[in-house]
Each structure stands twice: as structure tokens, then as C-alpha cells.
Amino acid sequence: MKKIFILILIALVTVKTQAQEDNTDQRVITTAVPFVLIAADARAAGMGDIGVTTSADAFSQQWNPAKYAFAISKQGVGVTYTPYLSQLVNDIFLGNLTYYNRINERSAVGASLRYFSLGDIELRDTADQIPLVQSPNEFTFDVSYALRLSDRFSMAIAGRYLRSDLKIQASNEDASAASSFGVDIAGYYQSEEIAYNDFDGRWRAGFNFSNIGPKIKYDEVGQENNLPTNMALGAGFDFILDEYNKVGVSAEVNKLLVPTPQDFNNDGVIDSEDDEEYEDISFFSGMFKSFGDAPDGFSEELKEFTWALGAEYWYQDVFAFRTGYFNESDEKGSRKFLSLGAGFKYTAINIDVSYLFSTSAVRSPLEGTLRFGLTFNFGDEYDEY
């Protein structure tokens, strides 16, 4: 396995980057299991990683499970495959399997399994030695329940089990797989179809507080790592131009509800002494501290928000074209990319693809990667429109 893979693995299990230790102006927030924030489905990926406020689909579990209460089909199964670092290696990928069932007109349940494989690592002391092959991986399993509190608004709660097995026995015999659990609280609003002068329209809005749960710890003497607790807020509008053409536009902001790294002892660097005090902040109090703990005040707090804009055009509910843009501050990770996507619907089958173009000096691991999604919808349909 290439050396770059080892470096990536180390980065995934480290909660402080070297940039944070050397320069307090670069206070990038890092967490355990960051793969749960990767857009697993091609539809959301094609719109700049927007999903909290878009219309319901099989992959709503990751973005906003409250949308399931507005699903058109009674049941659906979705499968996705996302190669990761595909231009460097060929065995790192993110897979996702999702199922939902709209029990009745007011409620729905969902479940999903997300698996992140970091490929195989061959460990040997000499070139002719039979290698010891290890396969680090991470996965989550979650279930959700959505309920319509009114004709136009629903809420959902989801429970999630997370397991991160990144241990390399040869380097640390005491290392073991780490696990935790998280909770999502989500809401979704979808208006009735409104008649305007030249078109009909529909408003949408949503929120999701996800991955609320205890920290992960890999060994007894190691650091405790925060889960990627996240707040997502979004709004959108559907332009229903006629019976054949529809355009949906959406905007979304996200913020990690994780404390900002601090130079607690004011020595000019963020080091191990600061880490100890940082770890003493509980995950629950850290959620509230995250809104006002940036050392440079409100201006830095604003930099911890990411924003995205996305659009989706449907023709006869058969073909879709999507595009989106995602932006993150240079000082907080510098993720910036433009995405394109397409969707095809044939009877009860949906096929989605997306492609990402990085617009940042920091190249995205998903640069040059095609993401694929396949959805099977079955059962009766609900007339929501």
C-alpha cells in the first residue's frame, strides 16, 4: 500500500492537525469518524452536498429523516457507491444501503448502513516475509422515525451506532475498535402548491441536529475524540413551470457543534497541554460552547459556518440535471467545490450520478470521482402534490 495511505490513516485518528499546533490562526475543527459527513448519495452530491431541505428521497436518512413523512412512494431501497481518493488508490470507498417505509399518511421509518473501507494494508519486516494484511474500516447503523405534526410539518428522531476500527496491531497492540452512539433531531416543512402569476410554486425548509452523542476513545491512554455533531439549516423553493418542467433551488448552512481548538495557556501554540484542557470539555457542554468560543470572536464564528447553493431541474419526472456550489472558509478547512449531477427515472427505478470539481487550493479527495446511486421505489404512492 502506498505511503500516502498510512498518512491518511494517521490523519483520520488524530484530533489535532499539525497546522493547529504550529499556527493558532488556523484553528481547524477536527473530529472522529468524519466519513459520516461525506455525501453518500449522488443526488445530494450533485447539488453541492445539499440534502436537509430538498424533497424526500430514499437517502433522506443521512440529511433529514423527517422528509420520509412526505415521501411519494410507500417504500424504497437505495444503494450508493463512492470511490475515495480514486486517483491514488483503488480500494478505499464509501458504501451506503438505505431503506424506508412510509407506514401511513402521517409517519414513516427508515434504516441505513454506511460502510467506509480504508483498503488493505500489508505489514512485513522484510521484503520476502509473508505480509500481515489488515483492513481498517468504519461503519454506522441507524434507524429513524418520522411523524407529521401537521399537514405541512414533520419531525424525526434517529439513533445511530458508530464503530471505528482503525487499529494497526503491529504499531499498537493495545489499540482496539472504538464505538459510540449518536442521536439526530430533525424537522421538515413543505408548503402546499401555490399559484403565482406565471407559475406554481412550493416552499421547503428543514433542519437537522445530527450525531449528538458521547466522544470516541481508541485506547485507555489515548485522547477522546468528539463526534462530528452538526447543525444543518436550509430553505428552498420549487418553480413548477408547467406539467413537464420543474426547477428546485435550495440553500443550506452547516456548523459543527464542536468546540474550537484553543491556546488555553496563551503560549502562542496549541499543544498537548492545551489538548488536555480541550478534552475536559464534555460533548454536551461543547455543543453550546461552539457558538461562542472562537478566540477571534464573532468574525471567526462566522467562518465556522459552511454554505452551499444547489439547483435541480426535472423534465417530466424522468430526467434531472443538477448543479451546486459548496464553500468553507480557508481558515477552517478550505473545502470549496462545484458539482454537477444527473438523474434518470424509469418506472420504479432511479439512477443518479454526480461529479465534483474542486475550486480550492486544497484538493478534494473526491476530485475526479463519479458517484453512483440506485433507488428502487415500490408500493402504493401518496398524492402529496
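What you see below is based on every heavy atom in this structure, not just the backbone, and it leaves out hydrogens, waters and symmetry mates. A quick note: this is a predicted structure, and the numbers were derived from the prediction, not measured.
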Return the minimal non-hydrogen interatomic distance between [X] and [Y], and the atom names on each side.
| X | Y | answer |
| --- | --- | --- |
| G236 | T53 | N-OG1, 3.7 Å |
| P83 | Y81 | CG-CE2, 3.6 Å |
| S339 | G48 | OG-N, 2.9 Å |
| K215 | E279 | NZ-O, 2.9 Å |
| G373 | A42 | N-CB, 4.2 Å |
| N377 | S73 | CB-OG, 3.4 Å |

Can the positive tip of [X] be found less than 6.0 Å from the middle of the six-membered ring of [Y], inside 45° of the ring normal?
| X | Y | value |
| --- | --- | --- |
| K255 | F291 | yes |
| R204 | F237 | no |
| R102 | Y382 | yes |

Does the separation of the ring centres of [X] and [Y] fall below 6.0 angstrom?
| X | Y | value |
| --- | --- | --- |
| F239 | F199 | yes |
| F344 | Y346 | no |
| Y325 | F337 | no |
| W307 | F326 | no |

Consider only side-chain heavy atoms of I, L, V, M, F, W and Y, link residues closer than 4.5 Å, and tell whether I185 and L147 are in one cluster.
yes

Test item: [X] side-chain N/O and [Y] main-chain N/O as donor-acceptor pair under 3.5 Å:
| X | Y | answer |
| --- | --- | --- |
| R322 | A45 | no |
| N64 | V52 | yes |
| S360 | S334 | yes |
| Y68 | Q61 | yes |
| N230 | L257 | no |
| S191 | W203 | yes |
| K332 | E301 | no |
| K336 | E328 | yes |
| Q75 | N101 | no |
| T229 | N211 | yes |

Can you tell me how far the [atom1] atom of [X] sits from the [atom2] atom of [Y], to the nearest 0.5 Å?
| X | Y | atom1 | atom2 | answer |
| --- | --- | --- | --- | --- |
| L37 | D49 | CG | CG | 9.5 Å |
| E193 | D238 | CD | CG | 9.0 Å |
| T82 | I92 | OG1 | CD1 | 13.0 Å |
| K74 | Y100 | NZ | OH | 10.0 Å |
| N96 | S112 | CG | OG | 5.5 Å |
| S180 | L162 | OG | CG | 6.0 Å |

Steps toward side-chain contact (heavy atoms from CB on, under 4.5 Å) verdict (I281, K289)
CA-CA 9 Å; I281 303 172; K289 286 179 180 290; 3.8 Å; yes

Start with the C-alpha distance between S154 and K67, add both sets of side-chain angles, then the distance that settles side-chain hydrogen bond (donor to acceptor under 3.5 Å, both in side chains), and finish with yes or no.
CA-CA 7 Å; S154 64; K67 296 194 299 184; over 6 Å; no

Are [X] and [Y] packed together at the side-chain level, in the sense that at least one heavy-atom pair is separated by less than 4.5 angstrom?
| X | Y | answer |
| --- | --- | --- |
| F139 | F116 | no |
| Y145 | S107 | yes |
| D184 | R160 | yes |
| I157 | S144 | no |
| R43 | S55 | yes |
| N245 | Y313 | yes |
| N350 | L374 | no |
| T31 | N225 | no |

Given side-chain contact (heavy atoms from CB on, under 4.5 Å), test V33 with L227 step by step and report yes or no.
CA-CA 7 Å; V33 292; L227 297 182; 4.1 Å; yes

Go through E192 and R202 one step at a time and tell me if the side-chain contact (heavy atoms from CB on, under 4.5 Å) criterion holds.
CA-CA 6 Å; E192 295 181 354; R202 181 185 302 108; over 6 Å; no

Got a sec: does the [atom1] of [X] have more than 12 other heavy atoms crowding it under 6.0 Å?
| X | atom1 | answer |
| --- | --- | --- |
| F181 | CZ | no |
| D242 | CG | yes |
| Y161 | OH | yes |
| Y196 | OH | yes |

Would you check, one step at a time, whether the test side-chain contact (heavy atoms from CB on, under 4.5 Å) holds for L366 with Y84?
CA-CA 6 Å; L366 293 166; Y84 202 73; 3.7 Å; yes

Begin from the C-alpha positions of Y188 and N208 and carry the test side-chain hydrogen bond (donor to acceptor under 3.5 Å, both in side chains) through to its verdict.
CA-CA 9 Å; Y188 181 70; N208 189 14; over 6 Å; no

Looking at D151 and R106, is there a salt bridge between them, counting it only when a charged N and a carboxylate O are closer than 4.0 Å?
yes

Please tell me whether S329 and E304 have a donor and an acceptor in their side chains that are separated by less than 3.5 angstrom.
no

Do S117 and N137 pass the side-chain hydrogen bond (donor to acceptor under 3.5 Å, both in side chains) test, and can you show the C-alpha distance, the side-chain angles, and the key distance before you say yes or no?
CA-CA 5 Å; S117 170; N137 63 83; over 6 Å; no

Would D41 and T80 count as a side-chain hydrogen bond (donor to acceptor under 3.5 Å, both in side chains) here? Give the steps.
CA-CA 6 Å; D41 67 292; T80 67; over 6 Å; no

